[in-house]
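Here the structure is laid out as structure tokens; the discussion comes afterwards.
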Amino acid sequence: AQRVTQPEKLLSVFKGAPVELKCNYSYSGSPELFWYVQYSRQRLQLLLRHISRESIKGFTADLNKGETSFHLKKPFAQEEDSAMYYCALSAKTGANSKLTFGKGITLSVRP
Amino acid sequence: GAGVSQSPSNKVTEKGKDVELRCDPISGHTALYWYRQSLGQGLEFLIYFQGNSAPDKSGLPSDRFSAERTGGSVSTLTIQRTQQEDSAVYLCASSLDRNEQFFGPGTRLTVL
């Protein structure tokens with residue numbers, strides 16, 4: 001069985017502060033990990049995926065297989081980063097498959 | 001082009017009634033997914049269609065839930081004899097071949 005854990009429900013920081021949103025997973029194979037974001041009154045959308053190794057909107061995430069983690073980081077938070085963030089896991093890499101989501105974390109960036 | 005669309009956007013029903021939720025995926029996308037977003041529960045996978053293969057129904061919570069995908073395009077999620085715990089936002093997503101899932105706006109279901 002696969003599981004995604006996001007241990008915190010809410011993170012509130014001031015603009016310019018560093019951000020780290022935690023994600024741990026449980027899966028016996030080689031999963032693909034994603035971060036999805038939902039801004040207020042908008043659809044859920046893909047932020048980044050570990051196989052792309054990209055930085056999107058200043059966010060990065062590194063897959064740590066030893067610690068089974070995929071934490072999302074940004075060095076300097078902006079107010080427009082305020083949103084709900086979900087970590088998700090797919091049992092297949094690079095191919096269509098259902099996603100197992102964590103419960104999400106609300107990021108609030110204060111001016 | 002147009003994204004994933006869902007209808008209705010809101011549905012209020014009485015306990016015990018049946019409801020149908022519709023999803024129009026992005027044209028050409030081979031995979032279609034249904035998820036449920038409940039307060040405090042995050043997003044739960046319900047069912048997944050890939051091309052002409054048999055759907056993955058492993059996330060359906062009970063036999064009151066069923067879904068069809070006609071002609072490899074539009075999908076309908078049906079909930080029979082609705083219960084109050086079925087109240088949630090039902091999200092549909094579609095993807096082409098690399099599992100980048102594009103989500104619809106959701107249908108908010110309220111069971112009174």
Side-chain angles (χ1 to χ4, degrees), chain A residues 1-10 21-27 29-54 56 70 83-107, chain B residues 2-6 9-10 23-26 28-61 67 69 72 75 88-108:
Chain A
Q2 51 218 45
R3 180 179 295 177
V4 175
T5 303
Q6 295 180 251
E8 299 158 329
K9 291 185 178 180
L10 171 67
L21 306 182
K22 296 187 188 300
C23 173
N24 287 88
Y25 67 91
S26 172
Y27 181 62
S30 293
E32 182 172 6
L33 275 295
F34 303 79
W35 277 98
Y36 276 79
V37 61
Q38 190 166 27
Y39 301 102
S40 179
R41 300 189 190 88
Q42 293 189 26
R43 304 179 182 205
L44 192 65
Q45 58 186 283
L46 178 66
L47 180 62
L48 54 78
R49 58 200 302 172
H50 91 264
I51 61 172
S52 298
R53 297 182 174 274
E54 293 173 309
I56 306 294
F70 189 57
M84 188 81 170
Y85 291 80
Y86 292 93
C87 182
L89 176 154
S90 167
K92 293 183 182 179
T93 299
N96 289 336
S97 177
K98 66 183 181 185
L99 295 176
T100 299
F101 285 88
K103 293 190 177 182
I105 181 170
T106 299
L107 174 64
Chain B
V4 177
S5 60
Q6 294 185 245
S9 54
N10 280 284
C23 172
D24 284 85
I26 293 172
H29 277 194
T30 58
L32 186 148
Y33 313 78
W34 283 97
Y35 296 90
R36 179 168 69 175
Q37 188 175 29
S38 307
L39 198 61
Q41 295 298 317
L43 283 120
E44 303 170 88
F45 164 75
L46 296 176
I47 187 169
Y48 156 48
F49 297 89
Q50 173 64 58
N52 295 321
S53 302
D56 178 349
K57 303 179 182 180
S58 60
L60 295 179
R69 188 179 186 192
S75 177
V89 176
Y90 288 82
L91 292 173
C92 175
S94 70
S95 64
L96 183 53
D97 55 9
R98 294 189 64 250
N99 213 22
E100 179 176 353
Q101 297 188 18
F102 293 85
F103 282 80
T107 293
R108 181 175 297 278

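Within every chain, numbering begins at 1; the chains are lettered A, B, ... in the order of the sequence lines, protein sequences first and strands thereafter.
- Other residues, nucleotides and ligands contribute only 12 or fewer heavy atoms inside 6.0 Å of the CZ atom of R108(B).
- Interface check for chain A: of the options P105(B), A31(B), S95(B), the most heavy-atom pairs under 4.5 Å are formed by P105(B).
- Using a 4.5 Å cut-off between heavy atoms, Q37(B) touches chain A through its side chain atoms alone.
- Nearest heavy atom pair, residue R98(B) against residue N96(A), reads N-OD1, 3.7 Å.
- Using a 4.5 Å cut-off between heavy atoms, F102(B) does not touch chain A at all.
- Ranked by heavy-atom pairs under 4.5 Å with chain A, the first of L91(B), T30(B), L96(B) is L96(B).
- The greatest number of non-hydrogen atom pairs below 4.5 Å with chain B, out of A95(A), A88(A), S97(A), G94(A), is found for S97(A).
- Environment of CG in L10(A): crowded, with over 12 heavy atoms of neighbouring residues, nucleotides or ligands closer than 6.0 Å.
- For residues 46-54 of chain B, the interface with chain A (any heavy-atom pair closer than 4.5 Å) comprises Y48(B), Q50(B), sorted by residue number.
- Between the side chain of R43(A) and the main chain of G3(B), no donor-acceptor pair closer than 3.5 Å is present.
- For the residue pair S90(A) and N99(B), the shortest heavy atom distance occurs at OG-ND2, 3.4 Å.
- Contact annotation: the side chain of Q101(B) approaches that of Y36(A) to within less than 4.5 Å [non-hydrogen atoms, C-beta and beyond].
- A side chain to side chain contact (heavy atoms under 4.5 Å, CB included) with L43(B) is found for exactly one of L44(A), T100(A), V4(A), L99(A), namely L44(A).
- Contact of S58(B) with chain A is made through the side chain alone, with heavy-atom distances under 4.5 Å.
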